[in-house]
Amino acid sequence: MKTSYDIAIIGSGASGLAAAVTAGRTPGLSVAVFEKKDTAGKKLSASGNGRCNISNIRCSHLEEVMDFFGSAGIVVRKDEEGRLYPYGEEAGEVTSLLVSCAKTCGVEFYFNSEITGMEAAPRGGFLLFVGPKKHRVHAHTVLIATGGKSYASMGTTGDGYIMARKLGHSVGSLVPALTAVEVRENISGLKGVRTKAEASLYKNGEMIFSERGEVQFRSDSLSGICIMNMSRHIRRGADYEIKINLAADFSRAELESILKNKFAVNGLTAGEALRTLVKKPLISAVLSEAGIEPGESSLTLAADSDRMKRLADALDSMSFRVKGLKGWNEAQVTSGGVAPDEVDTMTMESKLLPGLFFSGEVLDYDGPCGGYNLHHAWLSGIRAGKGMTHKCTESIR
């Protein structure tokens with residue numbers, strides 16, 4: 001390990017690798033990546049269930065990121081919802097290719113090399129202390145690309161936030177995001193059920209979020225993409241309620257008409273009358289919320305307008321009280337981080353400490369599912385790589 005570099009990158013996730021490849025392409029600059037795990041991009045290689053949803057056609061500055069993919073030889077495919085994946089849909093291959101690109105450019109990688117300390121150097125630049133023996137490395141510019149706090153087993157344990165605070169930066173409240181939502185009701189009997197629905201979040205009685213998608217029932221929580229996106233809006237200190245519309249394709253009038261016709265069939269029980277409208281495991285839960293026994297006569301119920309109204313209510317607004325969020329080991333991203341107004345978003349350089357840069361999840365950004373968070377990692381990493389390169393070449397002149 002050398003004792004001095006023009007550019008030091010702390011972390012080899014998506015944003016760190018994008019910065020390394022971008023900066024490494026400038027001849028004459030020495031670039032090093034320090035990674036505390038034994039390999040690069042552990043979280044990146046596991047992203048998207050191993051498929052790596054790398055971006056989305058709706059992301060801002062898409063062309064900037066696509067140009068980077070093209071220059072690195074990453075071929076992409078688009079699915080029907082606009083999500084972008086590597087064509088071969090292998091996340092690990094994206095990591096391997098970017099590491100190869102960076103090494104070809106002369107970037108040096110140091111694994112099992114945790115940065116245990118960092119401070120501004122008296123004559124400019126920064127001193128990094130590497131590993132338990134605190135090996136000293138001087139760098140003209142430093143990029144903190146350590147990730148957030150989600151999936152700590154992959155190395156993202158919040159180190160970058162500590163570094164940022166020690167160097168004078170503000171760090172917003174850190175909350176797990178894109179995760180399952182725990183509920184107070186006993187839903188263990190619905191474990192494993194998946195259904196198409198519209199999920200709405202109410203805060204103190206007012207709806208603040210709504211999205212359609214697949215809702216997954218777990219033993220103590222709700223999950224699925226629409227629920228994970230919902231989790232970004234849940235904070236401590238407020239009362240939240242989730243309402244699930246199991247018949248979202250119908251208006252209320254249409255739903256009531258459908259129920260009237262189904263329950264008018266002679267000889268059926270209430271449980272039998274709901275078949276084909278909702279999944280079988282959900283029938284008992286819906287009837288229980290409406291105060292109806294599964295074995296009651298559908299024909300008798302059809303004549304009871306108040307109880308049919310309660311049944312329609314249970315179908316279009318099945319209610320769950322929010323208990324909390326699943327923790328860091330399940331959250332896909334971190335909500336909160338280094339304050340965005342303290343960073344130049346075009347270069348990713350700190351406005352407080354010249355030569356210090358930030359990228360990726362360590363910044364206060366969290367987007368919805370669908371490639372937005374990885375896109376932000378690529379974009380901020382690319383810009384940081386360009387910003388550090390400019391900073392170093394400018395000082396040489």
Side-chain angles (χ1 to χ4, degrees), residues 9-24 33-56 59 65-66 68-77 83-103 105 107 109-114 143-160 177-179 228 328-334 337 348 358-363 365-385:
I9 298 169
I10 308 173
S12 65
S15 71
L17 289 174
V21 172
T22 302
V33 177
F34 297 92
E35 170 57 55
K36 71 177 182 180
K37 303 297 281 186
D38 59 359
T39 188
K42 285 210 166 189
K43 186 177 177 182
L44 173 62
S45 296
S47 65
N49 292 319
R51 295 173 60 206
C52 195
N53 181 189
I54 54 179
S55 188
N56 192 298
C59 288
V65 172
M66 293 299 292
F68 171 77
F69 289 160
S71 69
I74 299 173
V75 182
V76 304
R77 74 162 79 226
R83 293 179 292 235
L84 299 175
Y85 294 87
Y87 199 81
E89 297 191 343
E90 292 181 284
E93 290 301 292
V94 175
T95 303
S96 297
L97 178 59
L98 291 176
V99 171
S100 296
C101 287
K103 287 183 175 179
C105 295
V107 176
F109 283 81
Y110 297 102
F111 298 108
N112 298 308
S113 299
E114 182 177 2
L143 170 64
I144 296 178
T146 51
K149 292 187 67 177
S150 61
Y151 292 110
S153 61
M154 297 183 182
T156 48
T157 54
D159 305 354
L178 299 188
T179 188
M228 289 193 289
W328 294 112
N329 288 333
E330 291 197 26
Q332 291 189 13
V333 296
T334 304
M348 309 316 298
F358 296 96
S359 68
E361 198 176 337
V362 74
L363 293 161
Y365 170 87
D366 64 284
C369 295
Y372 292 88
N373 291 287
L374 262 182
H375 177 89
H376 174 259
W378 304 124
L379 181 64
S380 58
I382 293 163
R383 290 183 172 181

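In what follows, residues are counted from 1 in the order of the sequence shown. Just so it is clear, the structure is predicted and the values come from calculations on it, not from any experiment.
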message: Ignoring hydrogens, what is the shortest heavy-atom contact between N329 and A152? Give both atom names and the distance.
response: OD1-N, 4.4 Å

- prompt: Can you list the steps and then say if T95 with K42 is a side chain to side chain contact (heavy atoms under 4.5 Å, CB included)?
  reply: CA-CA 8 Å; T95 303; K42 285 210 166 189; over 6 Å; no

- prompt: Tell me, do V21 and F68 make a side-chain contact under 4.5 Å, heavy atoms counted?
  reply: yes

- prompt: Can you name the nearest heavy-atom pair linking K149 to T157, along with the distance?
  reply: CG-C, 4.2 Å

For the student: nearest non-hydrogen atoms of E361 and T334, plus distance: OE2-N, 2.6 Å

query: Is a donor on one side and an acceptor on the other found under 3.5 Å between the side chain of S47 and the backbone of L44?
result: yes

field: Approximate separation, where rounding is to 0.5 Å, of I10 CD1 and F34 CZ
entry: 8.0 Å

task: Would you mind reporting whether N373 and Y365 have side-chain heavy atoms less than 4.5 Å apart?
output: yes

- prompt: Do you know which two heavy atoms are closest between S380 and S15, and how far apart they sit?
  reply: OG-CB, 4.3 Å

- prompt: Mind checking whether T156 and T146 have side chains closer than 4.5 Å, heavy atoms only?
  reply: no

query: N53 side chain to L84 main-chain N or O, any donor-acceptor pair under 3.5 Å?
result: yes

- request: Taking the six-membered ring of Y87 (Phe, Tyr or Trp), confirm whether the NZ or CZ of R77 is under 6.0 Å from its centre and within 45° of its axis.
  value: yes

field: Check against side chain to side chain contact (heavy atoms under 4.5 Å, CB included), L143 and S359
entry: CA-CA 7 Å; L143 170 64; S359 68; 3.5 Å; yes

field: Separation between CD of E93 and SG of C52, rounded to the nearest 0.5 Å
entry: 11.0 Å

task: Please assess I54 against W378 for the test side chain to side chain contact (heavy atoms under 4.5 Å, CB included), listing each intermediate value before the final yes or no.
output: CA-CA 9 Å; I54 54 179; W378 304 124; 3.8 Å; yes

statement: To the nearest 0.5 Å, atom CG of L97 lies from atom CG of L17 at 10.5 Å

query: Knowing that exactly one of Q332, E330, K43 qualifies, which makes a side-chain hydrogen bond (donor to acceptor under 3.5 Å, both in side chains) with S150?
result: K43

message: I'd like to know if the side chain of K36 and the backbone of G155 have a donor-acceptor N/O pair within less than 3.5 Å.
response: yes

Main-chain N/O of K37 paired to E35 side chain as donor or acceptor, under 3.5 Å: yes

- request: Kindly check if the number of other-residue, nucleotide or ligand heavy atoms within 6.0 Å of CG (D38) is above 12?
  value: yes

message: Counting neighbours of CZ on F111 that are heavy atoms of other residues, nucleotides or ligands and sit closer than 6.0 Å, is the number greater than 12?
response: yes

- prompt: Can you tell me if T22 uses its side chain to pair, donor with acceptor, with the backbone of G385 under 3.5 Å?
  reply: no

- line: Between N56 and G370, the two heavy atoms sitting closest are ND2-O, 2.9 Å

- request: Go through the steps for L178 and D366 under the test side chain to side chain contact (heavy atoms under 4.5 Å, CB included), then give the verdict.
  value: CA-CA 9 Å; L178 299 188; D366 64 284; over 6 Å; no

- request: Please name the pair of heavy atoms, one in A14 and one in L374, separated by the smallest distance, quoted to 0.1 Å.
  value: CB-CD2, 3.6 Å

